[in-house]
Amino acid sequence: MQKFIFLGLIILTQFLLANPKGYSIETITTPKDVYFHIAGLDIDKQGRVYCATRYGDVWILDKGKWIQFAKGLQEPCGLVIDDDGSVVVTQKPEMTRLVDSDQDGVADLYLNLSHEWGFHNNYHEFNFGGIKDKQGNFIGSLNLAAGPKVPGLKLSAMSTEGGYRGWAYKVSPEGKFTPIASGLRSPAGLGKNPQGELFFTDNQGDYLASSTLNQLEPGKFYGHPISLLDKPEYNMTTLKNMDDQEFDKMRTLPIVWIPQEEIANSPGNPEWNATKGKFGPFENQFFIGDQSRSNIFRVSLQKVAGRYQGAVIDFMSGFQCGNIRLKFDLEGNLWAGQTSRGWASRGSRPYGLQKVVWDQKTIPFEILDVKLQKESFKIYFTQKINPQDAKKIKISRWWYEYSRMYGAPKSELEELTPQAIKISADGMSMTISCALMKERVYCFDFSELNNDKLANKKAYYTIINLIE
């Protein structure tokens, strides 16, 4: 009887996970008796995997063997391999270049590249990194502080004592520090597309109703007001006397809202899929892991009226731990660095390293993409859709209010009736005409389709601008 119950749980779990066919998860054995909470991940041109752990180590996986490259760092949360083979890590108090000068496989030089921001020994003052811009600068993002008794400016849950907390910044190869954008809350992941444009995720909390993906642009303000303390025209008194409507007018809206619990709770870095088909049909999309839900989801971008917006679609769940760092290797496999430290995550392990492998032949039935048109949406699939199922689509829309609340529910939620639905001649896409409104999240729910082979059944498109 126990055997049948166990098998039933496996079947139920697989059904709930709704993972794409043809994709599997492989677990990598990490060093024995090491707290391998990965918060930095990169892969070099030889296929060696570099991992920075939150306990302060950097390890290299080379042909199945682990080598401890560095130790003694203070909770690094980002790692990138430079062109000369050195490793640049973002740890809490500084950005550090690690150099193996004697070529013995272990770093012997720990060079302070920059420490021009404030670090006040608050547990929540993370320093995220792991990418370079087109000019060769190293990009980082500084978390706000947290805690009931933390000093400094506190308008809601988070706080700052100054020192560019809540800012993104760049550091030149020579070590020049430049703050570039403000209003970030808990920007746990940085990424870029092939054009070199920069992006970051931010985690739900005060002044952030749900998690987001944003384009990182110089001079922009992304919504959390206490970072403005580092601008000369603001001080504590000024900010405390301003209301949320004033901050709201200043902020830059995200590319996409990431629905809380439905898709993610604590997203990590956006990793662009430029594998040229080695990872299946999802080319030129961002893949993002979530630390809390232990899943990976996709984001497809669309530029409308001069700025990005787009669609969010879940991809794969059932990982052993929370995914905070993603990286594609040369073979097109997607590696996931994992940790549950500090926040609970789904899965049976507190940390680890896994990778997603495609079997190179199976095309799963998935929502491939969603694009806005002038008076409709066009939804693409990886396989033919049954025309008889067109009437079973559910559409809803909502927005997220801006306030100092810690997260916020969907506001102005409403169900929509499609005005017209047209299936393409090849059955691979459909056009849905419905009432369009800017600054709304649209959910397309295919849960009631007769074809149960469709794995992930919802897509969420954030409209910031309409097509005129």
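Hydrogens, waters and symmetry mates are skipped; everything else that's a heavy atom, side chains included, is used. None of the values given here were measured: they were computed from a predicted structure.
Between Tyr23 and Trp358, the two ring planes are parallel [angle under 30°; tilted spans 30° to 60°]. The aromatic rings of Tyr402 and Tyr207 sit tilted, their planes meeting at an angle between 30° and 60°. A tilted orientation is assigned to the rings of Phe279 and Phe315, their planes being inclined by 30° to 60°. Under the 30°/60° scheme for interplanar angles, the aromatic rings of Phe199 and Phe286 are found to stand perpendicular.
Remark: Lys410 pairs with Glu262 by the salt bridge (Lys or Arg N to Asp or Glu O under 4.0 Å) rule, at least two apart or across chains. In terms of the side chain to side chain donor-acceptor pair (under 3.5 Å) criterion, residue partners of Asn127 (sequence neighbours excluded) are, by chain and number, Tyr169. Qualifying side-chain contact (heavy atoms from CB on, under 4.5 Å) partners for Asp230, counting only residues two or more places apart in sequence or in other chains: Tyr164, Trp167. The salt bridge (Lys or Arg N to Asp or Glu O under 4.0 Å) test applied to Asp44 returns Arg48, not counting sequence neighbours. Looking at residues two or more places apart in sequence or on another chain, you find no salt bridge (Lys or Arg N to Asp or Glu O under 4.0 Å) involving Asp202.
A distance of 6.0 Å or more separates the ring centres of Phe36 and Tyr351.
Side-chain contact, Asn273 with Asn284: no donor N or O sits under 3.5 Å from an acceptor N or O. Under 3.5 Å, the side chains of Thr27 and Lys355 contain no donor-acceptor pair of N or O atoms.
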Quiz item: Between Lys327 and Asp42, is a salt bridge (charged side-chain N to carboxylate O under 4.0 Å, His left out) present by the stated rule, with each step listed?
Solution: CA-CA 6 Å; Lys327 187 69 179 180; Asp42 201 2; 3.5 Å; yes

Self-check item: Derivation of the salt bridge (charged side-chain N to carboxylate O under 4.0 Å, His left out) call for Asp244 and Arg404
Solution: CA-CA 7 Å; Asp244 292 347; Arg404 62 188 66 199; 2.9 Å; yes

Exercise. Please assess Arg440 against Glu412 for the test salt bridge (charged side-chain N to carboxylate O under 4.0 Å, His left out), listing each intermediate value before the final yes or no.
Key: CA-CA 9 Å; Arg440 289 292 185 272; Glu412 301 179 77; 3.0 Å; yes

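Residue pairs meeting the salt bridge (charged side-chain N to carboxylate O under 4.0 Å, His left out) criterion with at least one partner in residues 204-217, sequence neighbours excluded, are Arg185-Asp206, Glu217-Lys220.
Listed for the Thr339 side chain is no donor-acceptor partner under 3.5 Å among the backbone atoms of His37.
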